[in-house]
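Would you mind keeping the following structure in view while I ask a few things?
These numbers were taken from a predicted model, which means no experiment stands behind them.
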Amino acid sequence: MKLIKSLYFVLCLMLSVFTLSGCIDEYEADISANDTNLLVVEGTICSSQLNKFYLSRTQAINSANTPQMVTGARVSVRGSDGSEFLAQENDGYYSCQIGDLSPEVEYYLHIETDGEVYESEPLKPLPTEKIADVSVVQETPESNFDLYITPDAPFAPDKVNYYSWTYEETWEVRPDYTTDIYFDTGKMAPVYDPNQFPTRGWKNAIGTADMVSASQNYEGQHIRSVKLYDIDRGDERVYYRYSGLVHQRSITKAEYEYELARRQANSEMGGLFTPLPSALPTNIHCLTSKKRVIGFVGCALNTSGYRFFINAMDYSVNRPIKKDARLWFEDCDEGKCCQMVERGMYLCVWKDERDRPQGKLQTAWAYDFQLDVRLFGAVAEEPDFWSLEENVSY
């Protein structure tokens, strides 16, 4: 989906450039009508996993509509050995479960939609080395975290190797406050309940900084310590514990060049010298007409994974100290407690010294959003891998 959104972003920015007025002459973009309503294809043919393919259409530069997903298409992965894996249409994508691919067979994506037939270039699935290491570097206590990856020694040290990396993120979050009691308006007293709110939770995200690299500048064609992304030391993700799962896939030179061209088009934000999306290299072609296609379909014999962790206690993390925002009452009574419950607040502190001379009841209260991390997108179930103490290569 990143490709679809980024292409739409480029087209919108180009519209802004073309329609500027004032001190510059009006520019009339020489854009063919054939550059609109182009098919955009995203996805990779991968062995032994669920394959997802996203199909959409480009919009006219002056269109206010977002890219439209293609529905009702017939999509399948085909092999030169006559094999075929038919994809099922889902909410926004097409998917098919593929077993073990043969390294000697060429595979391609076949698409039938709107009376046209499209196919990607047949490719033999590329094997991928394991990931040797993902290192976390913080140069100084005031520095952010830089993440570097090193693949295992290449299968083919005598030629240039190309790789693509994506990643997933999981991090621990905690509420502003915790409580193991609540005020029971029937009993007019506090009741012990440690399970009313989770004491921590976990958030998940798909990384946004996908990366490609080539090995020609490395000794023995062995890539070492390529920076994948960074994390601000004051980011919520590293307040307690963070885990990243990096996916590595070998790609062809053609796919590498396509990814570089796409990134250049995105980074230059639709400048006048940026090629139109339809000018990007592609390995997908229309068999029934001269319509152009945007996208690239690679083929992988396997993908590699590496899970790593960042423990806040091992680094310098800038977690701000918040002022106590709970509502405190130094001289409370049960009637006031009932009022707080009616306001939707929860009891956090109950310090009753009324049995002493001049003793008072002290209470503190908080709202659910200060106590429940689930209200901010976290889940309370601990991930299976959270108990791991060391990084793991898959």
Query raised in the report: Are Tyr148 and Val246 connected in a single hydrophobic cluster, I mean Ile/Leu/Val/Met/Phe/Trp/Tyr linked by side-chain heavy atoms less than 4.5 Å apart?
Result: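 No.
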Query raised in the report: Short question: side chain of Ser47, backbone of Asn302 - any donor-acceptor pair under 3.5 Å?
Result: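 Not a single qualifying donor-acceptor pair exists.
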Query raised in the report: Ion pair present between Arg57 and Asp114, side-chain N to carboxylate O less than 4.0 angstrom?
Result: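 Salt bridge flag = yes for Asp114 with Arg57.
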Requested in this report: Specify the closest pair of heavy atoms between Lys227 and Met211, including all atoms of both residues, with the distance to one decimal.
Outcome: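 Closest approach of Lys227 to Met211, heavy atoms only: O-CE, 3.7 Å.
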Query raised in the report: Hey, are the side chains of Cys299 and Tyr108 touching, using non-hydrogen atoms and a 4.5 Å cut-off?
Result: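 They are not in contact (no side-chain heavy atoms under 4.5 Å apart), so the answer is no.
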Requested in this report: Taking all non-hydrogen atoms of both residues into account, name the closest pair between Tyr177 and Lys323 and its distance.
Outcome: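 Result for this residue pair: OH-O, 3.7 Å.
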**Report entry** Approximate separation, where rounding is to 0.5 Å, of Ile181 CD1 and Tyr192 OH
**Finding:**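 Ile181 CD1 to Tyr192 OH: 10.5 Å, rounded to 0.5 Å.
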Report task. Count the heavy atoms belonging to other residues, nucleotides or ligands that lie under 6.0 Å from CD of Glu330, then report whether that count exceeds 12. Result ->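 For Glu330, atom CD is crowded (more than 12 foreign heavy atoms under 6.0 Å).
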Report task. State whether the number of non-hydrogen atoms from other residues, nucleotides or ligands found under 6.0 Å of Lys360 atom NZ is greater than 12. Result ->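 No, NZ of Lys360 has 12 or fewer neighbouring heavy atoms, counting only those of other groups under 6.0 Å.
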Query - Reference residue Tyr346; test ring pair (Phe, Tyr, Trp, His ring centres under 6.0 Å); the match among Phe197, Tyr182, Phe183 - result: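 With Tyr346 as partner, Phe197, Tyr182, Phe183 yield a single ring pair (Phe, Tyr, Trp, His ring centres under 6.0 Å), made by Phe197.
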Query raised in the report: Has the side chain of Asn283 got a donor or acceptor atom that lies under 3.5 Å from a matching backbone atom of Ser120?
Result: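 Looks like no, no N/O pair under 3.5 Å.
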**Report entry** Min side-chain heavy-atom separation Leu280-Tyr258 under 4.5 Å
**Finding:**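 Yes, side chains in contact.
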Query raised in the report: Which atom pair, heavy atoms only, marks the closest approach of Ser250 to Pro127?
Result: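 Ser250 and Pro127 have their closest heavy atoms at OG-O, 3.0 Å.
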Query - ILVMFWY cluster, Phe329 and Leu361 together (side-chain gap under 4.5 Å) - result: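 Yes, same cluster.
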Query raised in the report: Less than 4.5 Å apart, any side-chain heavy atom of Val41 and any of Val293?
Result: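 Of all side-chain heavy-atom pairs linking Val293 with Val41, at least one is under 4.5 Å.
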Requested in this report: Quick one: list whatever passes salt bridge (Lys or Arg N to Asp or Glu O under 4.0 Å) with Asp352, sequence neighbours left out.
Outcome: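 For Asp352 the salt bridge (Lys or Arg N to Asp or Glu O under 4.0 Å) partners, ignoring immediate neighbours, are Arg354.
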Report task. Flag yes if Leu287 and Ile284 sit in one hydrophobic cluster, no otherwise; membership is Ile, Leu, Val, Met, Phe, Trp, Tyr, and two members link when side-chain heavy atoms are under 4.5 Å apart. Result ->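 They do not share one cluster, since no chain of ILVMFWY contacts under 4.5 Å joins Leu287 to Ile284.
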**Report entry** Student check: side-chain heavy atoms of Arg74 and Leu86 closer than 4.5 Å
**Finding:**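 Yes; the side chains approach each other to less than 4.5 Å.
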**Report entry** CA sep, side-chain torsions, deciding dist, call: Glu168, His247, side chain to side chain donor-acceptor pair (under 3.5 Å)
**Finding:** CA-CA 8 Å; Glu168 303 169 28; His247 302 283; 2.7 Å; yes
Query raised in the report: Between Arg262 and Asp210, does a salt bridge (Lys or Arg N to Asp or Glu O under 4.0 Å) hold up when you go through it step by step?
Result: CA-CA 12 Å; Arg262 182 172 70 86; Asp210 51 325; 3.6 Å; yes
Query - Asp158 atom CG, neighbour heavy-atom count above 12 within 6.0 Å - result: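 For Asp158, atom CG is crowded (more than 12 foreign heavy atoms under 6.0 Å).
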Query raised in the report: Do Thr113 and Leu55 come within less than 4.5 Å of each other through their side chains, counting heavy atoms only?
Result: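 No, their side chains stay 4.5 Å or more apart.
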Query raised in the report: Can you tell me how far CG of Asn144 sits from OG of Ser316, rounded to the nearest 0.5 angstrom?
Result: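 These two atoms lie 10.0 Å from each other.
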Query raised in the report: Can you get from Tyr218 to Tyr256 by hopping between Ile, Leu, Val, Met, Phe, Trp and Tyr side chains that sit under 4.5 Å apart?
Result: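 As far as the 4.5 Å side-chain criterion goes, Tyr256 and Tyr218 are not connected within one cluster.
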Query raised in the report: Is it true that a side-chain atom of His222 and a backbone atom of Ser215 form a donor plus acceptor pair closer than 3.5 Å?
Result: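 No; judged by distance alone, with no hydrogens or angles, the pair does not exist.
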Query - Where Thr150 and Ile223 come nearest, the two heavy atoms and their spacing - result: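 Residues Thr150 and Ile223, closest heavy atoms: CG2-O, 3.6 Å.
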Report task. Begin from the C-alpha positions of Thr252 and Leu126 and carry the test side chain to side chain contact (heavy atoms under 4.5 Å, CB included) through to its verdict. Result -> CA-CA 8 Å; Thr252 62; Leu126 288 176; 3.8 Å; yes
Query raised in the report: Taking the six-membered ring of Phe385, is the NZ or CZ of Arg307 close enough (under 6.0 Å from the centre) and on axis enough (within 45°)?
Result: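 Yes.
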Requested in this report: Let me know which of Tyr163, Trp165, Tyr394 forms a side-chain hydrogen bond (donor to acceptor under 3.5 Å, both in side chains) with Gln248.
Outcome: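 Among the candidates, only Trp165 passes.
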Report task. May I ask you to test the Pro175-Val373 pair for a side-chain heavy-atom distance under 4.5 Å? Result ->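 Answer yes - side chains close enough.
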Query raised in the report: Are Leu327 and Arg343 close enough that some pair of their side-chain heavy atoms sits under 4.5 Å apart?
Result: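 Leu327 vs Arg343: side chains touch.
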Requested in this report: For side chain to side chain contact (heavy atoms under 4.5 Å, CB included), just list the numbers for Val160 and Lys253, CA-CA rounded to whole Å, side-chain angles, deciding distance to a tenth of an Å, and then say yes or no.
Outcome: CA-CA 9 Å; Val160 180; Lys253 180 181 179 181; over 6 Å; no
Report task. Tell me, with the steps shown, if Phe53 and Val77 meet side chain to side chain contact (heavy atoms under 4.5 Å, CB included). Result -> CA-CA 10 Å; Phe53 302 98; Val77 173; 3.8 Å; yes
Query raised in the report: Sub-3.5 Å donor-acceptor pair from the side chain of Asn51 to the main-chain atoms of Gln49, do we have one?
Result: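 Side chain of Asn51 to backbone of Gln49: a pair is present.
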Report task. Kindly compute the distance separating CG (Leu50) from OG (Ser95), expressed to the nearest 0.5 Å. Result ->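 Output value for this atom pair is 4.5 Å.
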Query raised in the report: Which class fits the ring pair Tyr242 and Phe308: parallel under 30°, tilted 30 to 60°, perpendicular over 60°?
Result: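 Ring orientation of Tyr242 relative to Phe308: tilted.
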Query - Shortest non-hydrogen separation from Pro383 to Thr170 and the atoms involved - result: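 The answer is CG-CG2, 4.2 Å.
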**Report entry** Sidechain-backbone polar pair: Arg263 side chain, Glu259 backbone, donor-acceptor under 3.5 Å
**Finding:**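 Side chain of Arg263 to backbone of Glu259: a pair is present.
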Query raised in the report: With no hydrogens and no angle check, is any side-chain donor or acceptor of Asp81 less than 3.5 Å from a backbone partner on Ser83?
Result: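 A pair under 3.5 Å: yes.
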Query raised in the report: Going hydrophobic residue to hydrophobic residue with side-chain gaps under 4.5 angstrom, can you get from Trp171 over to Trp202?
Result: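 Result: no, two separate clusters.
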Query raised in the report: Would you find a donor on one side and an acceptor on the other, under 3.5 Å apart, between the side chain of Tyr118 and the backbone of Leu109?
Result: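 Looks like no, no N/O pair under 3.5 Å.
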**Report entry** Passing candidate, salt bridge (Lys or Arg N to Asp or Glu O under 4.0 Å) with Glu172, options Arg241, Lys203, Arg200
**Finding:**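 With Glu172 as partner, Arg241, Lys203, Arg200 yield a single salt bridge (Lys or Arg N to Asp or Glu O under 4.0 Å), made by Arg200.
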Query raised in the report: Does Thr178 use its side chain to pair, donor to acceptor, with the backbone of Thr199 at less than 3.5 Å?
Result: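 Not at all, since once roles are kept as given, no pair shorter than 3.5 Å links the two residues.
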Requested in this report: Please work out whether the ring planes of Phe376 and Phe369 are parallel, tilted or perpendicular, with thresholds of 30° and 60°.
Outcome: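 Perpendicular.
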Query raised in the report: What is the minimum heavy-atom distance between Ser387 and Glu382, and which atoms define it?
Result: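 Of all heavy-atom pairs spanning Ser387 and Glu382, the closest is N-OE2, 4.2 Å.
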Query - Rounded distance [0.5 Å steps], CG in Asp230 versus CG in Asp235 - result: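 Asp230 atom CG to Asp235 atom CG measures 10.0 Å (nearest 0.5 Å).
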Query - Contact check, side chains of Ile45 and Ile98, non-hydrogen atoms, under 4.5 Å - result: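 When only atoms from C-beta onward are counted, Ile98 and Ile45 do touch, with a gap below 4.5 Å.
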Query raised in the report: Judged by atom type as modelled, is there a donor-acceptor pair below 3.5 Å linking the side chain of Ser102 to the main-chain atoms of Glu104?
Result: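 Yes, the answer is positive, given that a donor and an acceptor are paired below the 3.5 Å cut-off.
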Query raised in the report: Quick check: does any side chain N or O of Thr185 sit under 3.5 Å from a backbone N or O of Cys338, one acting as donor and the other as acceptor?
Result: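 Pair absent, no side-chain N/O of Thr185 close to backbone of Cys338.
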Requested in this report: Could you grab the distance from atom CG of Asp232 to atom CZ of Phe145, nearest 0.5 Å is fine?
Outcome: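 The CZ atom of Phe145 is 9.0 Å from CG of Asp232, to the nearest 0.5 Å.
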Report task. Evaluate side chain to side chain contact (heavy atoms under 4.5 Å, CB included) for Val75 paired with Cys96, printing each intermediate quantity in order. Result -> CA-CA 9 Å; Val75 180; Cys96 61; over 6 Å; no
Requested in this report: Can you measure from OG1 (Thr128) to CG (Leu301) and round to the nearest 0.5 angstrom?
Outcome: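 Taking OG1 in Thr128 and CG in Leu301, the distance rounds to 8.0 Å.
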